[in-house]
Amino acid sequence: MATALIILGAGMGTRMNSDRPKVLHDIAGAPMLVHAMKAGAALDPAHTVIVAGHGADAVARAAHAFDPGAVIALQTEQSGTAHAVAQARDALAGFAGDAIVLYGDTPFITPETLAAMAAARLTHDIVVLGFDAADPARYGRLILKDDQLDRIVEFKDATDAERAVTLCNSGVVAAKADTLFALIDKVGNENAAGEYYLTDIVGIARAQGLTATVVQCDQAETLGINSRAELAAAEAQFQARARSAAQEDGVTLTAPETVFFAHDTVIGRDSTIEPNVVFGPGVTIESGATIRAFSHLEGCHVSRGAIVGPYARLRPGAELAEGVRVGNFVEIKNAQIAEGAKVNHLSYIGDADIGARANIGAGTITCNYDGVFKHKTVIGADAFIGSNTMLVAPVHVGDAAMTGSGSVITRDVPSGDLGLARAAQVNKPGLARRLMQKLRDLKARKG
Ligand code: UD1
Ligand code: CA
């Protein structure tokens, strides 16, 4: 059955104490909203509707960055989860499939759980995702009767007996879209919060003779984020899972608890990640690579057998071919480094193409920015760039060419040539000794 996703994210998130809408706070380098969208994407939805309110423009930008086809429905006043879902009605007009409601602040629902809900939908009109809570706190309680989910009662409205129930509502609900909207029409706001509760649709559906059931998942999946402390806990939970997953995939993590992954980090088998490495978004590491300690990588691709770090920084567009070496205190941005090339010490390589087996000496800088425009540096295969060369882009150093140490290279160096661009050395015989003696004498006179 075709599925539409409705993701709620209009709430202000007061407890975050932030100018940023709650659902745009990052976990593992992506807004929590994007985590929810990724989970939902596993259902291959025909429509994705994001209900936005606070910071709707920013929410729309983040949603569209992940899925340009996502539709944004505005909820200008946050009067409850049922009212929020109702805002998706126009976007789904005429849609005959199922709708599944997710929360933008509940990022860890798994595709397997959503699949289990879709399966349960084959036998029940309404499927609610629940979990057995160690501490049910203020969650809505799922009240069962005769093998059916009978109703959901919000904590604020619950009796003591109902509060004793530990089966809790995650907020995720699936039903036929038109059934869902018809039920929402009947929801009122006579309750402790004065809000239109989405949870009320279960009791209304049962009174109409519709069926309802609960699919249960682990509480960790339904972790909802309402505060900075919960955001940090969610990050920790994500990282713990990502570390185990990397290890299961055959990656050596010397000190797993010190390695931080992004939501989309990909690392090949038999790679080694040393302590204190941070991955930003968009990193792919192929098999057998080594990322040495204290390196920071984002938006880059490291090929088989390459060695990066310690203390290296790979920024977006860094492309390292097989066997490349990038050493300590080297920054690489928007640059292709071909097979076997080495940039081992204290260099900045930006907006550049470095040929195979080229050796980039210590302290080399591509001067890529003139204050307004960025320019490109091209270095040929087997070139040898002397230490402390400034390559003032745009500039081209040919295959097997060299530059002398300390050169400021402003013109192209043809293949096989040596480019020297530094003042010629002059030696003054004996001057060092005489100068030093003069200074020592001066000091002796002054006492
Ligand atoms: C809700 C459920 C509760 C469940 C809990 C799980 C209701 C009435 N209660 O309570 O049973 O145990 O989630 O975390 O549904 N939102 C809007 N517009 C609104 C109100 C909320 O978009 O007008 C969004 C929020 O941004 C958030 C989500 O809906 O992403 C949940 O809202 P929230 O107010 O946190 O619901 P809870 O009180 O936690
Ligand atoms: Ca909540």
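Atoms within a ligand are numbered from 1 in the order they appear, just like the ligands themselves.
- Only the side chain of E154 comes within 4.0 Å of ligand 1, counting heavy atoms alone; its backbone N, CA, C and O stay farther away.
- With distances taken over non-hydrogen atoms, the option nearest atom 27 (C) of ligand 1 out of D105, V172, L33 is D105.
- Side-chain contact check for N191 and Y196: no donor-acceptor pair (N or O, by modelled atom type) lies under 3.5 Å.
- Judged by distance alone, the side chains of D125 and T211 do bring a donor and an acceptor atom under 3.5 Å apart.
- Checked by atom type, the side-chain pair E221/T110 shows a donor-acceptor distance below 3.5 Å.
- Interface of T199 with ligand 1, defined as ligand atoms under 4.0 Å from a residue heavy atom, comprises 7 (C), 8 (C), 9 (N), 11 (O), 15 (O).
- Taking distance alone, with nitrogen or oxygen atoms compared against 3.5 Å, I152 stays at or beyond that limit from ligand 1.
- Geometric assessment of R313 against the ring of F329 yields a negative cation-pi assignment under the 6.0 Å and 45° thresholds.
- Below 4.0 Å from some heavy atom of G9 lie the following atoms of ligand 1, by number and element: 22 (O), 26 (O).
- You'll find the ring centres of F261 and F238 outside the 6.0 Å limit.
- Short contacts between ligand 1 and G140, defined as distances under 4.0 Å to a heavy atom of the residue, involve ligand atoms 3 (C), 4 (C), 11 (O), 12 (O).
- The distance from ligand 1 to the heavy atoms of A84 drops below 4.0 Å at these ligand atoms: 17 (C), 18 (N), 22 (O).
- Using a non-hydrogen distance threshold of 4.0 Å, A10 registers as a contact of ligand 1.
- A donor-acceptor contact closer than 3.5 angstrom is absent between the side chains of S347 and E331.
- Taking distance alone, with nitrogen or oxygen atoms compared against 3.5 Å, L198 stays at or beyond that limit from ligand 1.
- Distances between N or O atoms of Y103 and those of ligand 1 include at least one value under 3.5 Å.
- Relative to atom 18 (N) of ligand 1, the option among R141, Q78, K22, Q75 with the closest non-hydrogen atom is Q75.
- For a threshold of 3.5 Å applied to N or O pairs, the pair formed by L8 and ligand 1 contains at least one separation below that value.
- If you number the atoms of ligand 1 from 1 as listed, the ones under 4.0 Å from a heavy atom of Y197 come out as 8 (C).
- Of all the heavy atoms of S79, the ones lying under 4.0 Å from any atom of ligand 1 belong exclusively to the backbone.
- For the pair G80 and ligand 1, the shortest N or O to N or O distance falls below 3.5 Å.
- Under 3.5 Å, the side chains of Q78 and H83 contain no donor-acceptor pair of N or O atoms.
- Considering backbone and side-chain atoms alike, T106 places every N or O at 3.5 Å or more from each N or O of ligand 1.
- Evaluation of the salt bridge (charged side-chain N to carboxylate O under 4.0 Å, His left out) test over residues 168-191, restricted to residues two or more places apart or in two chains, returns R89-D185, K176-D178.
- Proximity of S170 to ligand 1, defined as any heavy-atom pair under 4.0 Å, is confined to the backbone N, CA, C and O atoms.
- Between the side chains of K374 and N334, not a single donor N or O lies within less than 3.5 Å of an accepting N or O.
- Note: H35 and F108 have perpendicular aromatic rings, judged against thresholds of 30 and 60 degrees for the angle between ring planes.
- Between T81 and ligand 1, at least one pair of N/O atoms sits closer than 3.5 Å.
- Close placement of the F95 and H47 rings is indicated, their centers lying within 6.0 Å of each other.
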